[in-house]
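One-based numbering, in listed order, for ligands and for the atoms of each.
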Amino acid sequence: MSQLEIRPLRPDETTRFVELSYYSFAGRSPDERAADFGRRVSAERNVLVAVDGDEIVSQVLMYELGVWIDGVRFPSAGLANVATVPERARHGHASQLLKAALAWMRDTLGVATATLYATVHPLYDGLGWALAEDALRYTGPPAAFRPSPYLPVEEGGRIERRPATVDDVDLLEPLYREFAMPRCGYLDRPRWFWEDVVLRTRAPQPRWVGLWYRADGQLSGYVLYDLNGPVLGPRPESELRVYELMADRPEGFHALLSFVSAHHLWGRVELNAGRDVPWLSLVANPHQLDAQASLRQHFMLRIVDVPRAVCLKRSVSPVSNGDVALAIRDDVCPWNHGTWLIGWRDGRWICEAAPDREPDAMLDIRTLATLFTGRLSVRQAVDVGAVRVRDDSRDVLQTLFSTAYPPHSPDSF
Ligand SMILES: CC(C)(COP(=O)(O)OP(=O)(O)OC[C@H]1O[C@@H](n2cnc3c(N)ncnc32)[C@H](O)[C@@H]1OP(=O)(O)O)[C@@H](O)C(=O)NCCC(=O)NCCS
């Protein structure tokens, strides 16, 4: 077997890239994929391929996205279309390619973190990614989503309902941004993402949108949803699937949940729900809901560049005095591996290589990802042996990794 070459995709190879994507994942046709490709990414910057002779044997696409964590936009790569031709599976091609992609993400894309939705957990786990979100899927009959009587009601508010259009990006984005920014894990969505994934304006049936206007006419909340299956019935298999429901005040949640629960002919409603919104406090009778954690739909995160990521981190709790020498084990990205001196200076975190310092705390790169989004607390990580820390350094670590909200992202790619 000849040596694999890992290199950027050439623009004239786009057809081969989309054909392997289509073969691996089906869904959008190669032509649709080719058209989307040009709108979303640049071949030479955002795709790496492993080539044997003239054949692409493995490929990875890296979207450039922002991920909001506590009000800070973390420049991130969103990995998609990771595929190896099946006749060469389990030869280590994807791992080899992804290792090269990590160096590419740091040196060429300049990102701090990389996120993805895995079909094969062990592949990414072995390379330093970790499940980093904490969401549930609530299902129940529409009546189960009736709002709590304790929620305030806005007299004179109204809901406008219609299929989403391209223009809705400009309408919804500011509201989304205000909601997403202080949270943890939500994407800073590029325009193409809004159009193609969130609103599905190019699909034969775009998503439905319900817009909630306050009495003064201000748009203050919305729900995006799909209606699936025949409704004459009620039929148990018909479903109203909420993609996203958000409001900037409790009155909006009351109005939008009332709207959703009014669809009484539908067999069930499904809501992919982050714990950043206290859904069980928003509905009248939580016992009518079923909750399931769809772990395969949870995003995985990897810290690509430790000092960059730490220096971007904002502190949501009072900052303790003192520094911590943190030893990080990263067997895949040598630039992260070693001991880092982390401390608070002039309103921000600093992170400097400190190879000669005796560590105060130790963890591996996967644990760092889970702490970063708050999926694990320092205390929980210590409990399961994922972090070892001296007692007098615990406060600094807890401060560094405190987050305002549990992690969630409604999006996948
Ligand atoms: C998933 C996929 C990209 C793996 O490519 P690959 O080149 O075979 O992967 P590697 O040989 O580098 O695998 C490395 C490790 O990942 C894990 N892994 C890979 N494929 C796996 C599978 N199908 N099931 C479970 N673990 C798997 C194993 O731990 C493997 O190590 P091992 O072979 O020593 O046990 C390939 O099977 C594929 O294209 N699948 C269809 C598309 C897809 O699911 N893409 C991933 C999107 S997130």
**Report entry** For Tyr117, atoms of ligand 1 separated by under 4.0 Å from a heavy atom
**Finding:** 48 (S)
Requested in this report: Under the salt bridge (charged side-chain N to carboxylate O under 4.0 Å, His left out) rule, collect the residues that match up with Asp331, sequence neighbours excluded.
Outcome: Arg329
Report task. Step through it carefully: locate the ring centre of Tyr63, locate the ring centre of Trp192, and say whether they are under 6.0 Å apart. Result -> yes
Query raised in the report: What residue and heavy atom of the protein are closest to atom 22 (C) of ligand 1, and at what distance?
Result: Arg90 NH1, 3.4 Å
Requested in this report: Would you mind checking which non-hydrogen protein atom is closest to atom 47 (C) of ligand 1, with the distance to 0.1 Å?
Outcome: Thr119 OG1, 3.4 Å
Requested in this report: Do me a favour and list the nearest non-hydrogen protein atom to atom 41 (C) of ligand 1 with residue, atom name and distance?
Outcome: Ser24 CB, 4.4 Å
Query raised in the report: Judged by non-hydrogen atoms, does Ser58 sit under 4.0 Å from ligand 1?
Result: no
Requested in this report: Taking only Lys NZ, Arg NE, NH1 and NH2, and the carboxylate oxygens of Asp or Glu, determine whether Asp168 and Arg207 approach each other closer than 4.0 Å.
Outcome: no
Query raised in the report: Should the pair Phe179 and Phe253 be assigned to parallel (<30°), tilted (30 to 60°) or perpendicular (>60°) ring geometry?
Result: tilted
Query raised in the report: Any idea which part of Val120 is under 4.0 Å from ligand 1, heavy-atom wise: side chain, backbone, both or neither?
Result: side chain
Query - side-chain hydrogen bond (donor to acceptor under 3.5 Å, both in side chains): pairs with one or both residues in residues 375-384, sequence neighbours excluded - result: Ser377-Gln380
Query - Atoms of ligand 1, numbered as shown, that sit under 4.0 Å from any heavy atom of Ala89 - result: 8 (O)
Query - Nitrogen or oxygen atoms of Ser95 and ligand 1 under 3.5 Å apart - result: yes
Query raised in the report: Less than 4.0 Å between a side-chain N and a carboxylate O, is that true for Asp12 and Arg10?
Result: no
Query raised in the report: Between Gln96 and ligand 1, which residue portion shows a heavy-atom distance shorter than 4.0 Å: side chain, backbone, both, or neither?
Result: neither
Query - Nearest protein heavy atom with distance in Å, relative to atom 29 (O) of ligand 1 - result: Pro122 CB, 3.9 Å
Requested in this report: Could you check which of Leu123, Leu116, Asp125, Leu20 puts a non-hydrogen atom nearest to atom 17 (C) of ligand 1?
Outcome: Leu123
